[in-house]
Amino acid sequence: MLKVSLPDGKVLEFDRRIRPIDIAMEIGPRLAKATLAAQVDGQIVGANAFLPDEGEVALRLITARDPEALNVMRHSCAHVMARAVMRLHKGIQLAFGPTVENGFYYDFQTEKPLSEEDFPQIEAEMAKIVKEDEPFERIEMDRIEALQFVKDLGQGFKVEHIETGLAEHGHVSFYRQGEFVDLCRGPHVPAAGAIGAFKLLSVAGAYWKGDATRQQLQRLYGTAWFKKEDMEAYLTKIEEAKRRDHRVLGKQLELFTIDPMVGSGLILWLPKGATIRRQLENFLYAKLLDIGYQPVYTPHIGRIELYQTSGHFPYYAESQFPPLYSHPMGGVVQELLQLWAKGEIDDDAMAARLEGYMHTNVPARIRPHVPNYEKLPSSRQKIAAMETWLEKQERYLVKPMNCPHHIKIYQSKPRSYRELPLRLAEFGTVYRFEQSGELNGMTRVRGFTQDDAHIFCTEEQVAGEFRGCIEMTQYVLKTLGLTDYRVRLGFRDPASQKYVGSVETWQRAEDALEAVCRNMDLPNLTIERGEAAFYGPKADFVVADCIGREWQLGTVQLDYNLPSPQRFGLEYVGADNHPHQPVMIHRAPFGSFERFVGMLIEHFAGAFPLWLAPEQARVMVVSQKVEDFGRQIETRLRQAGFRVTGDYRAEKIGSKIRDAQLELVPYMFVLGGREAETGQVALRDRLEGDLGTMSLEDAIKRLQAEVEARTIRQVVKGSAGIGGKKEENAY
RNA sequence: GCUAGCGUAGCUCAAUUGGCAGAGCAAUGGUUUUGUAAACCAUAGGUUGUGGGUUCAAUUCCCUCCGCUAGCUCCA
């Protein structure tokens with residue numbers, strides 16, 4: 001006897017094996033037809049899966065109207081895609097095919113690479129399968145049986161997955177749809193006909209089990225929706241995101257550029273972009289002074305010893321720009337020593353190699369000099385002598401981070417507890433050699449400026465200081481109208497070796513951080529293990545822009561390690577006249593100006609609020625006859641503190657307005673004979689159009705008020721209208 | 001770094017099976033002196049990313065390198 005309770009409170013009783021679809025049928029044939037899956041005691045299962053024989057379950061039938069149905073259908077669509085690909089191509093090895101936000105993918109190993117040219121054919125085959133409407137049939141087997149089954153199918157990835165990933169499962173399930181059978185947990189829609197609109201989006205490489213050392217597969221991405229309109233809306237949204245791409249807008253609006261001759265991932269800020277950045281810098285700088293930070297400046301390079309002490313070198317060697325050596329052989333010796341350390345060169349070969357450089361192979365002036373090298377008794381000692389030589393050379397690193405420099409400022413004199421918290425701030429530019437495939441416009445670069453600061457404080461001050469950092473970040477985000485964000489706590493992954501410091505220290509730091517955050521009632525606080533910096537746990541602000549994409553921006557990090565005796569050994573003299581170790585907080589509310597401005601460009605779709613707009617107003621004359629009057633107004637606006645330009649070309653006023661609109665200039669001063677006579681100005685708002693005639697003073701007051709309040713007048717959900725049609729510009 | 005794709009004028013894009021590299025916008029010169037989203041005429045602009053190969057002939061086919069795009073891996 002099975003008792004089934006439905007969401008409306010009704011309880012049905014069955015004394016036979018029954019499936020959700022049967023229950024739906026009892027309620028009504030139309031419901032049965034619409035039922036795609038079911039929720040049993042909170043878990044999503046297939047509509048054809050048998051319910052337990054006895055006991056009590058809560059059942060909810062899922063139709064296309066329920067959000068859960070979409071994922072079930074998308075996963076079924078992934079199977080249909082895989083089936084279509086296997087029909088069209090020989091020798092396909094199936095890997096995984098899960099759903100993702102807005103769609104699904106399937107990983108294959110193929111004999112011939114797939115390309116977008118194959119999409120129409122695959123889509124046509126999929127459409128055929130959907131039309132045939134064959135059912136998805138669940139088959140369960142025990143592990144041994146299943147293993148033989150996938151071996152017989154010749155599906156090597158599935159064999160491996162059953163042997164390793166599913167090692168603990170006694171039984172596994174398959175889904176059959178026509179000739180296509182796939183190892184799969186399910187659930188699926190009852191039959192392929194339930195799949196609505198779908199489209200293949202892209203093909204890309206992906207590593208088997210996400211491991212870069214394993215073979216690379218072909219990943220086919222697709223999207224699927226119940227209604228064609230939903231898919232159209234989704235595709236439109238993708239188009240919209242493309243239209244406000246900061247790389248496109250950055251070029252059109254002349255905000256920044258990247259030149260291959262300067263280098264990949266190195267941003268050249270054009271005057272307009274630089275203006276926006278400067279406004280943000282000024283805004284932050286004023287705030288920093290206001291709340292007790294002290295500005296400092298530090299150089300762009302530092303001796304390698306500095307980073308050896310901090311622990312950055314050589315552990316991040318592959319993501320640093322190569323070190324600068326004063327001796328020409330420095331880099332070669334360093335490289336050899338690294339290979340030797342990895343065991344790729346044995347002791348004797350290493351010693352012989354170095355000896356060659358020292359005495360025979362290279363001109364005297366660039367030889368490393370180690371006295372009596374050849375008299376050293378063993379290869380080991382020769383290598384050690386070489387290491388000593390290398391360490392004596394001057395070696396510099398382009399700085400990958402600012403903290404070691406700020407630590408040295410802290411250590412520039414003895415510190416008393418009376419000086420703490422000491423807050424050192426710098427807009428510090430750092431360089432990291434990111435992988436070429438990772439670079440992306442302004443959001444992932446190789447040189448960037450952090451709005452960095454390091455706070456040195458006592459253990460007792462940690463909570464208050466940490467809280468202050470989070471509040472500052474919140475203030476900054478709020479000012480820019482970025483109200484939709486979540487806070488992610490990054491803790492250490494106990495299984496990983498990449499972290500420095502003792503477990504106890506980490507525990508203390510993580511507890512302190514979590515306590516502060518819980519206390520502040522931050523939105524959607526999550527904890528993620530393995531997301532910590534190597535020296536301490538952190539709180540990251542993940543900001544959603546106006547079309548819902550997430551960006552990791554600000555960060556606050558707690559650090560008990562760099563100040564420790566094993567690293568820099570920071571101290572202050574306490575009230576007890578004894579030395580104590582301070583705690584460090586690293587924080588950057590924007591993260592970096594590059595990424596932040598890149599995100600802002602997309603968030604505002606290039607239409608910055610007046611206080612940030614590179615060009616706040618443009619004076620334009622109806623006729624060149626009134627150019628002198630126009631220039632007077634332009635000068636007076638500039639004197640009033642505005643970033644203003646003038647358009648005195650022999651163009652019609654409509655043309656000048658159009659240009660200013662497309663360049664997203666917030667205000668236009670339209671001046672003709674009437675204004676020249678009365679001395680007044682006709683003001684035009686980019687959003688609202690003609691505001692009519694007023695005195696210059698009134699216009700200035702209006703604009704000044706908007707700047708001072710840092711008003712955000714619009715966050716454009718649609719396109720900003722760059723190159724678009726007029727209808728699209730309606731707000 | 002890996003897989004796939006792309007690279008034509010400042011920008012957006014054309015160029016039949018390999019057969020004289022073109023348009024719009026922008027720029028420059030001129031005419032027009034204009035009232036709230038595009039006046040008109042003319043001119044100039046290119047070693048088709050780079051280097052090599054195949055061919056009578058390469059923007060087109062093949063290879064190298066550089067750069068870009070999507071995804072994967074990475075992100076102190």
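Every chain is numbered from 1 and lettered A, B, ... according to where its sequence line falls, protein lines coming before strand lines.
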Would you find a donor on one side and an acceptor on the other, under 3.5 Å apart, between the side chain of A:T223 and the backbone of A:N102? yes
Partner nucleotide of B:C75 by Watson-Crick or wobble geometry (both distances under 3.5 Å): none
Looking at every strand, decide which applies to A:Y316 at a 4.0 Å heavy-atom threshold: base, sugar-phosphate, or nothing. base
Less than 4.0 angstrom between a side-chain N/O of A:S115 and OP1 or OP2 of B:A4, yes or no? no
Quick one: on RNA chain B, does A:E675 or A:E434 contact a more 5' nucleotide (nearest heavy atom)? A:E675
Compare side-chain N and O positions of A:S655 against OP1 and OP2 of B:U34 and report whether any pair is under 4.0 Å apart. no
Selected nucleotide, minimal atom distance to A:R674 side chain, candidates B:U3, B:A76, B:G35: B:G35
Look at all strands and tell whether A:R219 reaches a base, only sugar-phosphate, or nothing, counting heavy atoms closer than 4.0 Å. sugar-phosphate
Locate the shortest heavy-atom distance separating A:P666 from A:Q616; write the atom from each residue and the value. CD-O, 3.5 Å
Any side-chain N or O of A:N440 below 4.0 angstrom from OP1/OP2 of B:C68? no
Is the backbone of A:S115 close enough, under 3.5 Å, to the side chain of A:D118 for a donor and an acceptor to pair up by distance? yes
Which nucleotide wins on minimum distance to the side chain of A:A682, given the candidates B:A76, B:U36, B:U33? B:U36
The Watson-Crick or G-U wobble partner of B:U3, with both key distances under 3.5 Å, is B:A70
Could you measure between the two P atoms, the one in B:C40 and the one in B:G10, and give it in whole Å? 25 Å
Under 4.0 Å, heavy atoms only, any strand: does A:G673 hit a base, just the sugar-phosphate, or nothing? base
Choosing from B:C11, B:G67, B:C74, which nucleotide comes nearest the side chain of A:K251? B:C11
Is there a side-chain contact between A:K625 and the phosphate of B:U34, meaning an N or O under 4.0 Å from OP1 or OP2? yes
Is there a side-chain contact between A:S264 and the phosphate of B:G67, meaning an N or O under 4.0 Å from OP1 or OP2? yes
With both distances kept under 3.5 Å, what pairs with B:A26, Watson-Crick or G-U wobble? none
Proximity to the side chain of A:I657 - top-ranked nucleotide from B:A70, B:U36, B:C72: B:U36
Does any nucleotide pair with B:C56 by Watson-Crick or G-U wobble geometry, both distances under 3.5 Å, and what is it? B:G19
Give a yes or no on whether a donor-acceptor pair under 3.5 Å exists between the nucleobase atoms of B:G71, that is its base, and the side chain of A:Y207. no
Using the C1' atoms only, state how far B:A23 lies from B:A9, rounded to an integer number of Å. 11 Å
Under the 3.5 angstrom rule, does the side chain of A:E675 hit a backbone N or O of A:G672 as a donor-acceptor pair? yes
Can you identify which nucleotide, out of B:U33, B:A37, B:A76, has its nearest atom closest to the A:S319 side chain? B:A76
Checking contacts here: which listed nucleotide (B:U36, B:U32, B:A70) is nearest the side-chain heavy atoms of A:A650? B:U32
Within 45 degrees of the axis of the six-membered ring of A:F590 and under 6.0 Å from its centre: does A:R595 put its NZ or CZ there? no
Between the base of B:C75 and the side chain of A:R432, is there any donor-acceptor pair under 3.5 Å? no
Pick base, sugar-phosphate or nothing for A:Q552, based on heavy-atom distances below 4.0 Å to the nucleic acid. nothing
Any strand counts, and the cut-off is 3.5 Å on both contacts for Watson-Crick or G-U wobble. Which nucleotide pairs with B:A39? B:U31
Could you check which of B:G1, B:A76, B:C75 has an atom nearest any side-chain atom of A:S436? B:G1
By the 4.0 Å heavy-atom rule, please label A:Y221 as base, sugar-phosphate, or nothing. sugar-phosphate
Between A:F256 and A:H246, what is the ring plane arrangement, given parallel below 30°, perpendicular above 60°, and tilted in between? parallel
Starting the side chain at C-beta, find the nucleotide from B:G35, B:A37, B:C75 nearest to A:R658. B:A37
Side chains of A:T693 and A:Q680, donor plus acceptor under 3.5 Å: no
Using Watson-Crick geometry (N1-N3 plus N6-O4 or O6-N4) or G-U wobble (N1-O2, O6-N3), each under 3.5 Å, B:A14 is paired with none
Using OP1 and OP2 only, check whether a side-chain N or O of A:R247 sits under 4.0 Å from B:U69. yes
From CG of A:D118 over to C1' of B:G5, roughly how many Å is that when rounded to an integer? 13 Å
Is the base of B:G5 touched by the side chain of A:E117 through a donor-acceptor pair closer than 3.5 angstrom? no
Using heavy atoms to find the nearest nucleotide of RNA chain B for A:Y535 and A:G265 separately, return the residue whose nucleotide is more 5′. A:G265
Here the distance between atom P of B:A76 and atom OH of A:Y431, to the nearest Å, is 20 Å
Could A:R219 and A:Y105 be counted as a cation-pi pair, given that NZ or CZ must be under 6.0 Å from the ring centre and within 45° of the axis? yes
Of the nucleotides B:U36, B:U33, B:A76, which has the atom closest to the A:I653 side chain? B:U36
B:U50 pairs with, by Watson-Crick or G-U criteria that keep both distances under 3.5 Å: none
